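Structure first, then comments.
Everything numeric here is computed off the predicted structure, so don't read it as measured data.
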Amino acid sequence: MNDQTFSLQPFLSTKSLPNLKIAGNIARNSNQLAICYMLEGDFKEIAIATPSNTRSRKHELWEDTCFEFFVGIKDSARYWEFNLSPAGHWNVYRFNAYRQGMQEETAFTILPFSVQNQADGLALVLEVDLNKIVSAKQEIEVAITTVIKHRDGEVTYWALTHRGAEADFHLRDSFIIEL
């Protein structure tokens with residue numbers, strides 16, 4: 001089992017950020033990927049969707065506060081984007097190469113994850129079977145990201161690392177966790 005902790009950094013922007021921290025851990029055990037995000041800090045200025053009773057696959061979740069991660073196969077251009085809304089909505093997209101050939105990944109018909117409001121923050125926990133998209137023998141490279149939407153409508157972008165002149169979660173050299 002390969003377990004790693006992470007801490008996300010905001011992309012440098014003109015917006016002064018509320019006192020926020022986004023951290024967590026990720027592990028791959030055989031081909032089960034477990035990821036836990038912890039969002040801590042001052043939430044007064046953040047727009048966080050309330051939990052939905054009808055969780056479903058939805059598009060453009062990144063337009064609001066959304067937890068994301070990207071999985072790429074080592075030495076391959078192909079990768080997947082996972083989007084997880086605090087409301088419980090989700091989606092997975094497959095790309096053939098950098099921002100090319102985006103398609104909904106139909107191998108996933110459900111993405112079970114939990115969102116827990118805690119006294120000091122919000123926890124989002126997901127366990128996903130990667131056998132649907134990669135073999136257990138393949139090494140993967142992962143980027144962990146989060147979009148935070150502020151109540152005034154402005155958006156900030158958080159990632160393990162920012163390698164471009166603009167916030168761009170799809171840059172393969174930012175997929176820095178190897179599992």
### Message
Rounded at 0.5 Å granularity, tell me how far CD1 in Ile26 sits from CG in Leu33.
### Response
4.5 Å
### Task
Can you establish whether the number of heavy atoms outside Lys74 located under 6.0 Å from its atom NZ is more than 12?
yes
### Query
Within a strict 4.5 Å, meaning less than it, do heavy atoms of the Phe169 and Val147 side chains meet?
yes
### Query
To the nearest 0.5 Å, how far apart are CD1 in Ile148 and CZ in Phe43?
8.0 Å
### Query
Is there a donor-acceptor pair closer than 3.5 Å between any side-chain N or O of Gln32 and the backbone N or O of Asn29?
no
### Task
Apply side-chain hydrogen bond (donor to acceptor under 3.5 Å, both in side chains) to His150 and Thr156, showing your working.
CA-CA 8 Å; His150 300 260; Thr156 55; 3.2 Å; yes
### Query
For Gln9, does its backbone N or O pair with a side-chain atom of His162 as donor and acceptor, under 3.5 Å?
yes
### Message
Contact between Ile140 and Val134 at the side-chain level, heavy atoms closer than 4.5 Å - yes or no?
### Response
yes
### Task
Please determine if Glu141 and Arg172 form a salt bridge, counting it only when a charged side-chain N lies under 4.0 Å from a carboxylate O.
yes
### Task
Looking only at non-hydrogen atoms, find the nearest pair between Phe82 and Val71 and report the distance.
CE1-CG2, 4.0 Å
### Query
So do the side chains of Phe69 and Leu126 get within less than 4.5 Å of each other, counting heavy atoms only?
yes
### Task
Give the intermediate values and the outcome of side-chain contact (heavy atoms from CB on, under 4.5 Å) for residues Phe95 and Arg78.
CA-CA 6 Å; Phe95 294 84; Arg78 175 175 277 200; over 6 Å; no
### Task
Working to the nearest 0.5 Å, report the span between CD1 of Ile35 and CZ of Arg28.
13.5 Å
### Task
Find the distance between CG (Leu84) and CZ (Phe67) and round it off to the nearest 0.5 Å.
8.5 Å
### Query
Are Arg55 and Phe113 in a cation-pi contact, defined as NZ or CZ under 6.0 Å from the six-membered ring centre and within 45° of the axis?
yes
## Note on the structure
Distance col, row Cys66:SG vs Ile48:CD1, nearest 0.5 angstrom, shows 12.0 Å
### For the student: nearest non-hydrogen atoms of Ala123 and Met38, plus distance
CB-SD, 3.4 Å
### From Ile110, Val92, Leu111, residue fulfilling side chain to side chain contact (heavy atoms under 4.5 Å, CB included) relative to Arg57
Val92
### Task
Indicate yes or no: at least one non-hydrogen side-chain atom of Thr145 is less than 4.5 angstrom from one of Trp158.
no
### Task
State yes or no: are the ring centers of Tyr79 and Phe175 separated by less than 6.0 Å?
yes
### Query
Closest approach of Thr106 and Thr109, non-hydrogen atoms and distance?
O-CG2, 4.2 Å
### Query
Do you know which of Ile46, Ile22, Val115 makes side chain to side chain contact (heavy atoms under 4.5 Å, CB included) with Leu122?
Val115
### Under 3.5 Å: donor-acceptor pair, side chain of Gln4, backbone of Glu178
yes
### Task
Answer yes or no: is there an ion pair linking Asp168 with Arg163, defined by an N-O contact shorter than 4.0 Å?
no
### Task
Please work out which of the three classes, parallel, tilted or perpendicular, describes the rings of His59 and Tyr93, given edges at 30° and 60°.
tilted
### Query
Under 4.0 Å between a Lys/Arg side-chain N and an Asp/Glu carboxylate O for Lys149 and Glu63?
no
### Query
Which word best sums up how the rings of Phe6 and Tyr37 line up, parallel for under 30°, tilted for 30 to 60°, or perpendicular for over 60°?
perpendicular
### Task
Specify the closest pair of heavy atoms between Ala87 and Ala49, including all atoms of both residues, with the distance to one decimal.
CB-CB, 3.7 Å
### Query
Donor-acceptor pair, Thr65 side chain versus Ala47 backbone, under 3.5 Å?
yes
### Query
Are Ile177 and Trp80 connected in the hydrophobic side-chain network, where two residues link if heavy atoms are under 4.5 Å apart?
yes
### Message
Set out, in order, the CA-CA distance, both residues' side-chain angles and the distance that settles side-chain contact (heavy atoms from CB on, under 4.5 Å) for Leu61 and His89, then state yes or no.
### Response
CA-CA 8 Å; Leu61 292 172; His89 305 302; 4.0 Å; yes
### Query
Is there a donor-acceptor contact under 3.5 Å linking the side chains of Asn31 and Asn131?
yes
### Task
Would you confirm whether Glu105, through its side chain, and Ala107, through its main-chain N or O, come within 3.5 Å as a donor-acceptor pair?
yes
### Task
Mark yes or no for whether Asn91, through its side chain, and Lys58, through its backbone, hold a donor-acceptor pair below 3.5 Å.
yes
### Query
Tell me, do Phe70 and Ile144 make a side-chain contact under 4.5 Å, heavy atoms counted?
no
### Closest non-hydrogen atom pair, Leu160 against Val142
CD1-O, 4.1 Å
### Query
So do the side chains of Trp62 and Asn83 get within less than 4.5 Å of each other, counting heavy atoms only?
yes
#### Entry: Side-chain heavy-atom pair Glu81, His170 within 4.5 angstrom cut-off
yes
### Query
How long is the gap from CE on Met102 to CD on Glu104, to the nearest 0.5 Å?
8.5 Å
### Query
So Gln116 and Ser114, side-chain hydrogen bond (donor to acceptor under 3.5 Å, both in side chains) or not? Walk me through it.
CA-CA 6 Å; Gln116 293 124 12; Ser114 66; 3.0 Å; yes
